[in-house]
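Note on naming: letters A, B, ... go to the chains in the order of the sequence lines (proteins, then strands), and numbering restarts at 1 for each one.
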Amino acid sequence: MEQQEQKVTAKLEVPQTTTAPVPPATEANKIFDAKNVSIYYGSFRAVTDVSIAIYQNEITAFIGPSGCGKTTVLRTLNRMNDLIPSARVEGEVHYRGASLYDKAVSPTAVRRRIGMVFQKPNPFPKSIYENVAYGPRINGIRKKGQLDEIVERSLRQAALWDEVKDRLNKSGLGLSGGQAQRLCIARTLAVEPDVVLMDEPCSALDPIATGRIEDLMQEIKSQYTIVIVTHNMQQATRVSDRTAFYSVLRNEKPGASDTRTGVLVEYGATQQIFEDPHDSRTQAYVTGRIG
Amino acid sequence: MMAIASEQQTVDLREPSGWRRTKNQIATVGMWIAFVVMLVPLGFVLFTVIAKGASAITWQFLTNSTIPVNVLPVTYGGVGPAVVGTLIITGFASLIAIPLGVLGGVYINEYGGNHLLARVINFFADVMTGVPSIIMGLFIFTIWVLHFGYSGLAGSFALACLMLPIVIRSTYEMLRLVPNSLREASYALGATKARVTVTVTLPAAIGGIVSGALLAVARAAGETAPLVFTILVTQTTNANLFSGANTALSTLIFQNATQPYTGAQARAWGSALTLIAIAFILMIVARLVTARFARYDH
């Protein structure tokens, strides 16, 4: 009875999403296909047995309590975890049919197609222009005219152009938090990636700056596939088409070496996850009963 | 003290008196004393060198050939060969030690990880920082001068040995301060490790690296012991770094200052002021260069 009431409240909180109904998930528009992925840091198994498919031109949200491994899974999708010496991935991650963790795959080539926006805005200590031009430059674009074009296009896409067009040669570190994060998004878009991974991109921003970035995500999703990790469930309902709920599984066995690990509890259309969760843990989380 | 229940009690927000305040005063006075104590010798050294050396400085003094140490007054002869010697010997030493040292620091921090080689280099850089400079002079004397004779080059080698560990250590420490989030941002755009290092990590640390390199240069320019064994002495300008005896301001100061003649002593003071001026100009140039690199970090 009590549960029933909370479900109703949760339903009321879901704002009217402007997005079209979730397109059918087909093999053809599958961008990522992860099967039985476990991720270790040394001997610690941070994430266990995650299987998830991510679809083209959709925004997929990863939600869940702290320590459930959602960021770890995200960083597996563009091999950022390679930078942590002790990290190790088991299982299969396919990106457009190619195995990401195949020995012949270059992490550099992967990251050129799969960009990432981080939790803390991290502009380079360079000018605004150079921040955006950095990616194209390392990809071999040298012509001034072409770079100018890319910088303007990317800054416009990131809804930052009007605010910075008169100070492109000023430091990127002089921007406010929200502007700096949009600069980082522009920097990511400048290399025209296929996928943009976002790791809690709004956690350091105020609601207005957050709103601008959410609008921006809606605007660019027709060209990109976006995966976003968020602690903010309202954000997930506002922006995403599909939501994956992760949780922490505790190993109560006495003397067990892995006392806790992250698992994927439920994955489905965002509306279904928030309004009609199939798993009791998802329900408890999305209705705010447990963290 | 009894307060009446209905009356609101005033909160005492004044600085608590007593021991805490006393400690603050003691510490403040202590810091001022330390500051003055540190400043006095520094100011005194500068003052003395300027007072005793300024009168010797003329264009002729800076450019003329040196003369054998003798009774002649300071108006005879000059330090031209020593200025040239100091500049080319220290310059070439920097050319060897700065690139090698920066590369060493980059290797230890960016590439070495926990590898044995990185730890060994780090350890020996630490140890070498503490080796007395005269040992470096003797070392080069044994392995180079005995076979190829005295030359400016030998002096450069000795100074480079001295500078290398300083540059490695300072580069390493500066690179450690670069936040990892910057490296990750670059990797996420598809940059290779070399690209990340050259275009993001090194530029972010350049200010500190230049400062460290400069400290090494200034220290090397003032070193006497490593040069005494490696460059010998000469009276005329020897712009050829690779052969023949050479001379430097520091060794010239040493030779002249140990003489009983007032002329020689005046020459020593003049040389000392010249050396300080060179180091000072170098510092200013490096600051300007660094400021240009760092114009975006704020």
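The closest donor-acceptor contact from the side chain of A:Lys70 to the backbone of A:Gly64 lies under 3.5 Å.
A salt bridge links A:Arg96 to A:Asp194: at least one charged side-chain nitrogen sits closer than 4.0 Å to a carboxylate oxygen. Between A:Arg212 and A:Glu214, no side-chain nitrogen of the basic residue sits less than 4.0 Å from a carboxylate oxygen of the acidic one, so the salt-bridge criterion is not met. The pair A:Glu149-A:Arg153 fails the salt-bridge criterion, with no side-chain N (NZ, NE, NH1 or NH2) lying under 4.0 Å from an Asp/Glu carboxylate O.
Looking at A:Pro193, neither its backbone nor its side chain comes within 4.5 Å of chain B, counting heavy atoms on both sides. For a residue to count as touching a neighbouring chain, one of its non-hydrogen atoms must lie under 4.5 Å from one of that chain's; by this rule A:Met116 touches chain B with backbone and side chain alike. Of the two parts of A:Leu197, neither the backbone nor the side chain holds a non-hydrogen atom closer than 4.5 Å to a non-hydrogen atom of chain B. Of the atoms belonging to A:Arg187, heavy atoms from both backbone and side chain fall under 4.5 Å from chain B. Using a 4.5 Å cut-off between heavy atoms, A:Phe124 touches chain B through backbone and side chain atoms alike.
Interface residues of residues 174-199 of chain B toward chain A, defined by a heavy-atom distance below 4.5 Å and sorted by number: B:Ser181, B:Leu182, B:Glu184, B:Ala185, B:Ser186, B:Tyr187, B:Ala188, B:Leu189, B:Gly190, B:Ala191, B:Thr192, B:Arg195, B:Val196, B:Thr199.
Between chain B and the residues A:Ala190, A:Cys184, A:Gly135, A:Ser127, the largest count of heavy-atom pairs under 4.5 Å involves A:Ser127. In terms of heavy-atom pairs under 4.5 Å with chain B, the best-connected choice from A:Asn139, A:Ile138, A:Asn122 is A:Ile138.
Test A:Val73, A:Thr71, A:Val89 against A:Val47 for side chain to side chain contact (heavy atoms under 4.5 Å, CB included) and you get one pass: A:Val73.
Looking only at side-chain heavy atoms (C-beta outward), A:Asp82 and A:Arg111 come within less than 4.5 Å of each other.
With sequence neighbours excluded, the residues that form a side chain to side chain contact (heavy atoms under 4.5 Å, CB included) with B:Ala272 are B:Val49, B:Ile253.
One finds the OG atom of A:Ser66 at 3.5 Å from the NE2 atom of A:His231 (value rounded to the nearest 0.5 Å).
Cation-pi contact between A:Arg79 and A:Tyr101: present, with separation from the ring centre below 6.0 Å and deviation from the ring axis of at most 45°.
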